[in-house]
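The figures here come from the full heavy-atom set of this structure, side chains too, leaving out hydrogens, waters and symmetry mates.
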Amino acid sequence: MQDVIQKQLKIQANAEKVYAAIAAPKQVVQWFPNSLEGDYTPGSQPLFGFGEHGKSRIYVVEARPHDYFAYRWVPGANHYQGDVLSVPTTLVEFTIKAVAEGECELTLTESGFSQLPAEVMADAFKQNTNGWEFMLNRLTQMVETNT
């Protein structure tokens, strides 16, 4: 079983703008969850809303402007709203690195699939691999269009 999803892409925007798209509540809802309820800072457990797919709680691990943002969540468990730290999770990390004036490299890493319950492990990995491809395209379009 693969344990890590990693996607790397170049975005035509500076690191501050890409970080804000990931870490600012009003911006993240433009490309990823449909809604965000609660505090979105380290140590908090806000709810991501995914429309008809329900809401899922996350745990914000770290926010380091303008190069790193990370949270834990429960993949494969639609509508999980309990204490994220009490169940098996994956760690989602966004690492941003400036590579040129007005351009940065974004690396998305989601790890910990091998720690999930066996009955959801493979489906969660497949679903999230495809999901991140779609969502990162949305992120890139949003950031580059608003540059």
* Interatomic distance, Gln81 atom CD to Glu37 atom CD [nearest 0.5 angstrom] -> 8.0 Å

* For Gln115 and Pro88, work out which heavy atoms get closest and say how close. => O-CB, 3.4 Å

* Structure fact -> Taken in chain and number order and not counting sequence neighbours, the residues that satisfy side chain to side chain donor-acceptor pair (under 3.5 Å) with Asp67 are Arg64

* **Any side-chain heavy-atom pair of Leu85 and Gln45 under 4.5 Å** => yes

* Do you reckon Met135 sits in the same ILVMFWY cluster as Val92, going by side-chain contacts under 4.5 Å, direct or chained? -> yes

* Asked: Between Phe50 and Phe32, is the ring centre distance below 6.0 Å?
  -> yes

* Structure fact -> In short, Pro75 meets Leu116 closest at the heavy-atom pair CG-CD1, 3.6 Å

* Using the benzene-type ring in the case of Trp, are the ring centres of Phe134 and Trp31 under 6.0 Å apart? -> no

* Non-hydrogen side-chain atoms of Asn14 and Cys104 separated by less than 4.5 Å -> no

* Asked: What orientation do Trp73 and Phe48 show, parallel under 30°, tilted 30 to 60°, or perpendicular over 60°?
  -> perpendicular

* Indicate yes or no for a side-chain donor-acceptor contact from Gln27 to the backbone of Ala23 under 3.5 Å, with no hydrogens or angles considered. => no

* For the hydrophobic clusters of this structure (ILVMFWY residues joined by side-chain heavy atoms under 4.5 Å, transitively), does one cluster hold both Phe69 and Val29? -> yes

* Asked: Got a second to check how far Lys7's NZ is from Leu108's CG, nearest 0.5 Å?
  -> 8.5 Å

* Counting heavy atoms not belonging to Lys126, are there more than 12 under 6.0 Å from its NZ? -> no

* Asked: Are Val61 and Tyr68 co-members of a hydrophobic cluster defined by side-chain heavy atoms under 4.5 Å apart?
  -> no

* **Distance-minimising heavy-atom pair for Ala63 and Tyr19** => CB-OH, 3.3 Å

* Structure fact -> Taken to the nearest 0.5 Å, the spacing of Gln6 CD from Glu110 CD works out to 12.0 Å

* Which value, rounded to the nearest 0.5 Å, describes the distance between Trp132 atom CH2 and Thr109 atom OG1? -> 10.5 Å

* Establish whether Val99 and Leu106 are linked, either directly or via other cluster members, by ILVMFWY side-chain heavy-atom contacts under 4.5 Å. => no

* To do: Fit a plane to each ring of Tyr71 and Phe94, take the angle between them on a 0 to 90° scale, and name the class: parallel (under 30°), tilted (30 to 60°) or perpendicular (over 60°).
  => tilted

* For the student: nearest non-hydrogen atoms of Tyr80 and Ser86, plus distance -> OH-OG, 3.6 Å

* Asked: With hydrophobic residues grouped by side-chain heavy-atom distances under 4.5 Å, do Met142 and Val18 end up in a single group?
  -> yes

* Rounded to the nearest 0.5 Å, how far apart are CG of Leu36 and NZ of Lys55? -> 10.5 Å

* Structure fact -> To the nearest 0.5 Å, atom CD of Glu105 lies from atom CG of Leu9 at 8.5 Å

* **Minimal non-hydrogen separation, Glu144 against Lys10, with atom names** => OE2-O, 4.3 Å

* Asked: Tyr59 and Asp83: side-chain contact (heavy atoms from CB on, under 4.5 Å), yes or no, with the steps?
  -> CA-CA 8 Å; Tyr59 172 78; Asp83 179 2; over 6 Å; no

* Check Arg57 against Leu47 and note the closest heavy-atom contact, atom names and distance. => N-CD2, 3.6 Å

* **Heavy-atom side-chain contact between Val74 and Ser56 under 4.5 Å** => no

